[in-house]
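To find a chain, count down the sequence lines: A is the first, B the second, and so on, and within it residues start at 1. Everything numeric here is computed off the predicted structure, so don't read it as measured data.
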Number of protein chains: 2
Amino acid sequence: MWMDDRSAQAAMPEEAWTIPEVAVAVDLAILTVRSGALKVVLVERGIEPFAGMPALPGGFLAHEAEDVEAAAFRELTEETGLSPESLHLEQLRTYGAPDRDPRRRVITVCYLAFVPGLPSPTAGGDAADANWVPVDAVLRKRSRLAFDHKKILADAVERARSKLEYTTLAAAFCPPEFTVSDLRQVYEIVWGEELDPRNFHRKVTSVAGFLVPTGGRTSRGGRPAALFRRGPAEVLHPAILRTPSRTGRR
Amino acid sequence: MWMDDRSAQAAMPEEAWTIPEVAVAVDLAILTVRSGALKVVLVERGIEPFAGMPALPGGFLAHEAEDVEAAAFRELTEETGLSPESLHLEQLRTYGAPDRDPRRRVITVCYLAFVPGLPSPTAGGDAADANWVPVDAVLRKRSRLAFDHKKILADAVERARSKLEYTTLAAAFCPPEFTVSDLRQVYEIVWGEELDPRNFHRKVTSVAGFLVPTGGRTSRGGRPAALFRRGPAEVLHPAILRTPSRTGRR
DNA sequence: CCAAAAGTGTTACAGGTACACCCATGG
DNA sequence: CCATGGGTGTACCTGTAACACTTTTGG
């Protein structure tokens, strides 16, 4: 009873007990903040099942020896044309329900990527932009995604919302140089909630290592705003909490 | 370029392009707080590779159609003899480096389980208890685990420490009825940090839905302590933060 | 000069820390 | 009656929310 299941099974000649092999896919929820909305890259499926239906970009491992993380980076660069060094990519979760692909057994290791928004970067082709879809529309309507991708996207968005609270990842949605207002818009758009500009400014500029002033200024209508770059900090102390999180108090 | 990789490949007859299939394992970091230490279940491997070396319990999918989550529950009950309904089990992360198993390509979907500690439960056989090993010893020393299990365990412990901050999961380490002191000991042992008993008491009893008084009392040396059951709350507002988390402040 | 956005100051309050103090039991 | 652990009261401090107010641009 206290024996290692795997050891027990592998103790017999390995050909005698067949270890089930399944196809392993990698799917990506690539998020950005653009045109005032949180958007995700979707692709249209060409074949059954779910032909013609939107889906998260992804694919099977390219070959048996491909690293799962490497496959995620490969898909990310294929979809965005961006160099992966500058992007944030993290594993979200693995989805392994036996019936999630009607063709065969597939489990998918899903990743979450944050790419900068406002100034559309290097790969700003027209066809490319059409693949960015507002997540609100995808999640709220009866719009459906292939496979269990709607659930995956919902998990990804919730993870993103949560990570803004206690990490500096919001800056990953911003261009290399950005203002405090840009950053606040990221929070407001991802959280769907307005923040006080004055208090927000004080808060983020007081966290050591979050924002590094470049000395530059931008003017977009009013008093010019100072420009910042991302600092080395990755965690936020203290965190910036969503107000819903404190409404459930007592 | 903007075509779904999977669709493109599957568009040809499926036998023409061979989708690589890999073996999928499920490994568990089963944690408890017992005898004043955070402990994990380890098993001894019977065969190469890593024969005789301790490893996290786990195994391959039992058959091609087995749900990954179901496999995790199966392993958990096999290892602990506990009914899974009462236990906390969550997916930790998937580890998919191509060389993590020298025999063949294996990716492992890892889970994290919290089981109650102090009163050793139903399956309290002697052999069983020998499998509980303090995580400190496993992580600090040059003690090694099979495969990448040491890294997996480190990730699991960090996840556990973090989840105590903002969820009510510490109670999952406690028996059905417990005192505030029991709960505080869980925090102190998992975090390796002493907490003020007076402030801790006030904090946890003031979070709505965390602790439900049963009316019972226990006496273990001093004034009897009130007994509590787990309440319905799953998140902690406000969170109970580790002091290290605020030292990195400015 | 006026609108608009950036940024600072200030007050009120919530929650945390530290610790003095009282309570209830066993020996 | 004393040691031990349970539990409450309270003063101080940090950080947030709300908002008045000043600054600096464009039109």
Side-chain angles (χ1 to χ4, degrees), chain A residues 36 118 164-166 174 177-188 191 193-208 210-228 235-250, chain B residues 36 118 164-166 174 177-188 191 193-208 210-211 213-228 233 235-250:
Chain A
L118 315 174
L164 290 206
E165 290 194 332
Y166 57 93
C174 294
E177 296 209 338
F178 55 93
T179 66
V180 173
S181 270
D182 293 336
L183 188 66
R184 178 169 47 84
Q185 276 179 51
V186 168
Y187 275 90
E188 291 180 335
W191 285 352
E193 172 186 340
E194 297 217 328
L195 301 174
D196 185 300
R198 290 87 52 115
N199 293 334
F200 182 84
H201 184 281
R202 214 190 337 254
K203 214 184 297 199
V204 295
T205 53
S206 70
V207 173
F210 189 7
L211 302 179
V212 180
T214 67
R217 307 205 143 251
T218 314
S219 155
R220 293 197 296 266
R223 170 175 169 177
L227 286 170
F228 296 88
V235 290
L236 279 184
H237 287 297
I240 307 177
L241 296 176
R242 288 175 280 184
T243 52
S245 73
R246 44 167 50 112
T247 57
R249 204 138 38 86
R250 66 169 55 203
Chain B
L118 316 174
L164 291 206
E165 290 193 332
Y166 57 93
C174 294
E177 295 210 338
F178 55 93
T179 67
V180 172
S181 270
D182 293 335
L183 187 66
R184 178 170 46 85
Q185 277 179 50
V186 168
Y187 275 90
E188 291 181 335
W191 285 351
E193 172 187 341
E194 297 217 326
L195 301 174
D196 186 301
R198 291 88 52 121
N199 292 334
F200 182 85
H201 184 280
R202 215 190 335 254
K203 214 184 297 199
V204 295
T205 53
S206 71
V207 173
F210 190 7
L211 303 179
T214 66
R217 309 203 142 251
T218 315
S219 155
R220 294 196 297 266
R223 170 177 170 177
L227 287 170
F228 296 87
V235 290
L236 279 185
H237 287 298
I240 306 177
L241 296 175
R242 288 175 279 184
T243 52
S245 74
R246 45 167 50 111
T247 57
R249 206 142 31 91
R250 66 170 55 206

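- The CD-P distance, from Glu194(A) to dA17(D), rounds to 15 Å in whole Å.
- Look at CG on Asp182(A): it is 11 Å from P on dG7(C), rounded to the nearest Å.
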Protein-proximity profile, nucleotides 2-9 of chain D, B/S/- by nucleotide at the 4.0 Å heavy-atom cutoff, equals --BBBBBB

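- Expressed to the nearest 0.5 Å, how far OG1 of Thr179(B) lies from CD of Gln185(B) amounts to 7.5 Å.
- Between Asp196(A) and Ser219(A), it is Asp196(A) whose nearest contact on DNA chain D lies nearer the 5' terminus.
- Taking atom CZ on Arg242(B) and atom P on dG16(C), their separation rounds to 16 Å, with Å as the unit.
- Remark: C1' of dA6(C) and CG of Leu211(A) are 15 Å apart, rounded to the nearest angstrom.
- The interatomic distance linking Leu241(B) (CG) with dG15(C) (P) rounds to 13 Å, in whole Å.
- Applying the side-chain hydrogen bond (donor to acceptor under 3.5 Å, both in side chains) rule to Glu194(A) yields no partners; only residues at least two apart in sequence or on another chain are considered.
- Every residue two or more places apart in sequence or in another chain that forms a side-chain hydrogen bond (donor to acceptor under 3.5 Å, both in side chains) with Arg220(B) is listed here: Asp182(B).
- Judged as a ring pair (Phe, Tyr, Trp, His ring centres under 6.0 Å), and not counting sequence neighbours, Tyr166(B) has no contacts.
- Look at CD1 on Ile240(A): it is 14 Å from P on dG15(D), rounded to the nearest Å.
- Looking at residues two or more places apart in sequence or on another chain, you find a salt bridge (charged side-chain N to carboxylate O under 4.0 Å, His left out) between Arg198(A) and Asp196(A).
- Rounding to whole angstrom units, CG of residue Leu183(A) and P of dA6(C) are separated by 12 Å.
- Take Arg217(A) and apply the side chain to side chain contact (heavy atoms under 4.5 Å, CB included) test, not counting sequence neighbours, and it matches Pro224(A), Ala226(A).
- Atom NE2 of His237(B) is separated from atom C1' of dG16(C) by 17 Å (rounded to the nearest Å).
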